[in-house]
Amino acid sequence: MRPSESPPPRSMSPHGPGHRGSHCPCKGDPVRWSSAFIPTLRDDPADAEAVSHKLLVRAGLIRQLMAGHYSLTPLGFRALRKVEAIIREEMDKIGAQEFRLPCMHPKEIWEKSGRWSSVGEEMFRLKDRKQADLALGMTHEEIFAYHATEMRSYKQLPQLWYQFQTKFRDEARPKSGLLRVREFTMKDSYSFDLDQAGLDRAFDNHFDAYRRIFKRLGFEAVAVEASSGLMGGNQSIEFMMKSDAGEDWIAHCGQCGYAANVEKAQSQLPAAIDGAGLSTPEEFPTPGVRTIDDLAKMKGGAPAERQIKTLVYQVDEKTILVLLRGDHQLAEQKLVDQVEAQKIHPADAEEIQRLLGARPGSLGAVGRRDLYVIADEALRGRRDMVTGANKDGFHLRGVDVERDIDVKAWLDLREVRSGEGCPACGASFSVHKTIEVGHIFKLGTKYSVAMGAYVQDEKGGSVPMIMGSYGIGLERNLAAIVEANHDEKGICWPVNTAPYEVVVSVVKPNDVACHEAGEALYEKLKAAGIDVILDDRDERPGVKFNDADLVGFPYRVTIGPKGLAEGIVELVRRHDGEKRDLKLAHAAETIVEAVLDERR
RNA sequence: CGGGCCGUAGCGCAGUCUGGUAGCGCGCUUGACUGGGGGUCAAGAGGUCGCGGGUUCAAGUCCCGCCGGCCCGACCA
């Protein structure tokens with residue numbers, strides 16, 4: 001049996017106003033609802049949208065301090081520590097060693113990796129009294145790599161280090177309660193290896209550990225290929241949980257299991273069948289046509305899939321044209337990932353007018369050999385297409401993409417959509433909204449080189465350690481559990497992460513028999529190592545039941561005069577409402593068994 | 001950072017257009033009855049109307065400025 005993570009419970013005030021009845025502190029010091037701080041709310045908070053946000057606030061687990069910063073109440077903190085304990089167990093299982101690093105860092109170390117300037121406004125920065133520049137850590141690659149410099153020999157590798165630490169990220173838009181915040185706890189781990197095979201092993205170990213973690217937390221997470229973004233490195237996998245409260249889209253194939261972030265996902269399209277087209281493009285008037293849709297609807301126009309969409313992008317100092325099929329959407333991250341640039345953004349109307357001589361709506365790449373033109377793969381080999389003539393109110397038809405356009409690079413740029421063919425097996429896949437609950441990266445040597453984390457290999461040569469980094473945001477995962485485990489009445493905590501596993505609801509606390517039976521059952525459960533809370537409040541039964549449902553304890557035992565008269569108490573399982581009458585004498589054993597059975 | 005909405009009692013809201021005693025529901029306090037899904041009765045407590053300035057005899061209400069929050073978008077290790 002797992003040792004209980006609960007601290008020695010103590011009543012907030014032995015003489016508090018809510019205190020009723022007598023109890024001897026030496027008998028186990030019950031956690032009494034009447035003296036606990038559990039600020040449940042009858043109404044949804046007005047400013048919450050996401051289900052987890054509403055429920056965590058309403059059930060009294062969290063309170064907001066300011067946008068993107070939340071306090072956890074004792075109940076919320078208990079749940080978070082259970083999440084933490086599960087993650088810690090799984091990290092220890094793969095041989096990781098726990099650290100605790102500072103969350104405040106000197107500028108110098110971030111300058112060494114180049115990120116002091118590259119991360120920009122998302123990093124909180126401050127000065128100390130000596131005017132030295134400091135940062136609040138948003139991640140710890142630099143700091144762990146810095147400590148890794150103490151290793152000198154390949155014999156000391158591999159190393160796998162981790163910590164739980166507060167991260168600070170000055171998000172432009174914190175939202176959805178705990179899902180997107182500016183201050184949060186992260187489990188971040190870092191692997192240091194001599195060679196690629198070692199990194200692969202550490203990465204795979206994390207992959208497996210993460211699978212186990214999310215399973216134990218109580219939801220399904222899909223592993224997807226992802227863009228590594230600012231982290232650098234060559235491979236990264238995100239763990240995504242399906243949820244409407246999420247903000248990342250992934251493509252997922254139910255047939256073969258292929259999954260990828262839409263920033264990366266590819267798909268199979270049915271081959272387009274084109275007519276012979278014209279021997280040379282022909283201009284034709286399209287008065288008032290400003291969009292793909294306009295042209296599709298216009299008499300003598302062309303369906304979207306026969307059009308070429310021309311986008312103008314500013315890549316650092318250079319302006320480029322990006323071509324897609326008319327009915328396709330650009331996945332901007334794909335562009336960012338495939339062109340080497342610091343900054344990429346759509347060109348503004350003035351720049352477009354200056355460069356192409358027309359407004360958006362009539363743009364095209366035909367004959368523009370002077371511009372750098374990138375085209376999406378879906379346009380390769382297409383003939384008889386329609387595109388803008390770079391003259392307001394005119395388009396060209398009969399365009400043969402490869403013949404008439406000087407395409408400098410063919411890239412995969414389009415955003416996939418539900419119903420398209422899975423690139424792996426061809427079955428039609430779907431695109432879902434998801435919450436990113438974990439992310440693992442193969443970093444390579446970027447940070448070890450920057451920090452000078454080298455070891456001598458067998459031949460005496462100096463080589464940089466190969467790093468990986470692996471993160472899980474705890475509060476976001478807590479919210480994900482709620483997103484995945486709730487109903488119209490409230491949260492349905494899985495036993496593994498419930499703030500308390502059992503609530504003993506005493507229906508009529510002023511009745512001596514009820515009171516004593518409640519206390520006795522509470523003591524038995526406590527002694528058996530169950531996390532249990534005693535609802536001894538002088539409230540109507542309905543209030544207690546609704547609160548218990550709202551907070552979502554996995555099991556509720558109801559003790560009331562009616563049942564007691566027959567020597568019976570009622571056990572209700574929260575997630576499916578299953579009810580069982582238990583003989584008072586054996587109730588504790590049955591409940592303990594039920595709870596232990598669900599701990600994983 | 002752009003667009004929209006909002007800030008009045010612990011929570012949810014009305015009152016703002018059209019300036020004139022700051023309200024409702026829930027919650028809270030005390031007492032009584034009650035007690036297996038938010039009960040009833042009675043008596044209470046609780047508000048710098050986000051902040052600052054201005055107009056006015058008079059500002060929750062009108063004007064100016066600021067702060068804070070939510071949503072959409074941009075952004076996101």
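Lettering of chains follows the sequences in order, A, B, ..., and the numbering in each one begins at 1. What you see below is based on every heavy atom in this structure, not just the backbone, and it leaves out hydrogens, waters and symmetry mates.
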Practice task
Using a cut-off of strictly less than 4.0 Å between a heavy atom of the residue and any atom of RNA chain B, enumerate the qualifying residues of residues 69-77 of chain A by number.
Solution key: none
Problem - Set of side chain to side chain donor-acceptor pair (under 3.5 Å) partners for Tyr470(A), sequence neighbours left out - result: Ser191(A)
Does [X] qualify as a cation-pi partner of [Y], given the criterion of NZ or CZ under 6.0 Å from the six-membered ring centre and within 45 degrees of its axis?
X         : Y         : answer
Arg125(A) : Trp116(A) : yes
Lys442(A) : Phe203(A) : yes
Arg169(A) : Phe124(A) : no

Nearest-angstrom distance, [atom1] atom, [N] to [M]:
N      : M      : atom1 : value
G7(B)  : C76(B) : C1'   : 28 Å
U40(B) : C72(B) : C1'   : 47 Å
G19(B) : U61(B) : P     : 12 Å
G65(B) : A22(B) : P     : 29 Å
C26(B) : A14(B) : C1'   : 15 Å
C51(B) : U8(B)  : P     : 10 Å
G20(B) : A59(B) : C1'   : 10 Å
C28(B) : G10(B) : P     : 14 Å

Handout entry: Qualifying residue, where the test is salt bridge (charged side-chain N to carboxylate O under 4.0 Å, His left out) with Glu142(A) and the options are Arg115(A), Lys107(A), Lys446(A)
Key = Arg115(A)
Counterpart base for [N], defined by Watson-Crick or G-U wobble contacts under 3.5 Å:
N      : answer
A14(B) : none
A58(B) : none
A9(B)  : none
C28(B) : G44(B)
G38(B) : none
G52(B) : C64(B)
C1(B)  : G73(B)

Handout entry: Electrostatic pair Lys433(A)-Asp248(A), nearest N-O below 4.0 angstrom
Key = no
Practice task
Using a strict cut-off of less than 4.0 Å between a Lys/Arg side-chain nitrogen and an Asp/Glu carboxylate oxygen, indicate whether Lys264(A) and Glu415(A) qualify as a salt bridge.
Solution key: no
Handout entry: Contact letters for nucleotides 22-42 of chain B, in which S counts primed atoms plus P, OP1 and OP2 and B counts the base, heavy atoms under 4.0 Å
Key = ---BSSS-----BBBBBB---
When all nucleic acid strands are considered with a 4.0 Å heavy-atom cut-off, which category describes [X]: base, sugar-phosphate, or nothing?
X         : value
Pro45(A)  : sugar-phosphate
Glu142(A) : nothing
Ser113(A) : nothing

Practice task
Could I get the full list of salt bridge (Lys or Arg N to Asp or Glu O under 4.0 Å) partners for Lys583(A), not counting sequence neighbours?
Solution key: none
Give the rounded distance in Å between these two atoms: [atom1] of [X] and [atom2] of [N].
X         : N      : atom1 : atom2 : value
Glu263(A) : C76(B) : CD    : P     : 9 Å
Trp249(A) : C76(B) : CH2   : P     : 15 Å
Glu171(A) : A74(B) : CD    : P     : 14 Å
Leu56(A)  : C11(B) : CG    : P     : 18 Å
Lys175(A) : C75(B) : NZ    : P     : 14 Å
Arg180(A) : C70(B) : CZ    : P     : 13 Å
His439(A) : C76(B) : NE2   : C1'   : 12 Å
Lys54(A)  : C71(B) : NZ    : P     : 11 Å

Distances under 3.5 Å between protein N/O atoms and the N/O atoms of nucleotides 1-8 of chain B, please, pair by pair.
none

Practice task
In sequence, state the C-alpha distance, the side-chain angles, and the governing distance for Trp161(A) and Tyr190(A), and then conclude on ring pair (Phe, Tyr, Trp, His ring centres under 6.0 Å).
Solution key: CA-CA 5 Å; Trp161(A) 296 353; Tyr190(A) 303 85; 9.0 Å; no
Completion exercise
On RNA chain B, more 5' by nearest nucleotide between His53(A) and Met123(A) is His53(A)
Exercise for the section: Determine: side-chain N/O of Gln64(A) to OP1/OP2 of C70(B), distance under 4.0 Å, yes or no. Expected result: yes
Problem - CG on Asn205(A) to CE on Met91(A), rounded to 0.5 Å - result: 9.5 Å
Problem - Rounded distance [0.5 Å steps], CG in Leu199(A) versus CG in Leu443(A) - result: 8.0 Å
Under 3.5 Å, which protein N or O atoms sit close to an N or O of nucleotides 48-52 of chain B? Give each pair with its distance.
none

Fill in the blank from the handout: Heavy-atom closest pair (Ala50(A) atom, Glu483(A) atom, distance to 0.1 Å) is CB-OE2, 3.8 Å
Exercise for the section: For Glu225(A) and Asn261(A), test the side chains for any donor-to-acceptor distance below 3.5 angstrom and give the result as yes or no. Expected result: no
Exercise for the section: Please check if any side-chain donor atom of Thr185(A) sits under 3.5 Å from a side-chain acceptor atom of Glu475(A), or the reverse. Expected result: yes
Exercise for the section: Quick one: sort the His53(A) and Tyr70(A) rings into parallel, tilted or perpendicular, breaks at 30° and 60°. Expected result: perpendicular
Problem - Heavy-atom neighbours of Phe77(A) CZ exceed 12 at 6.0 Å - result: no
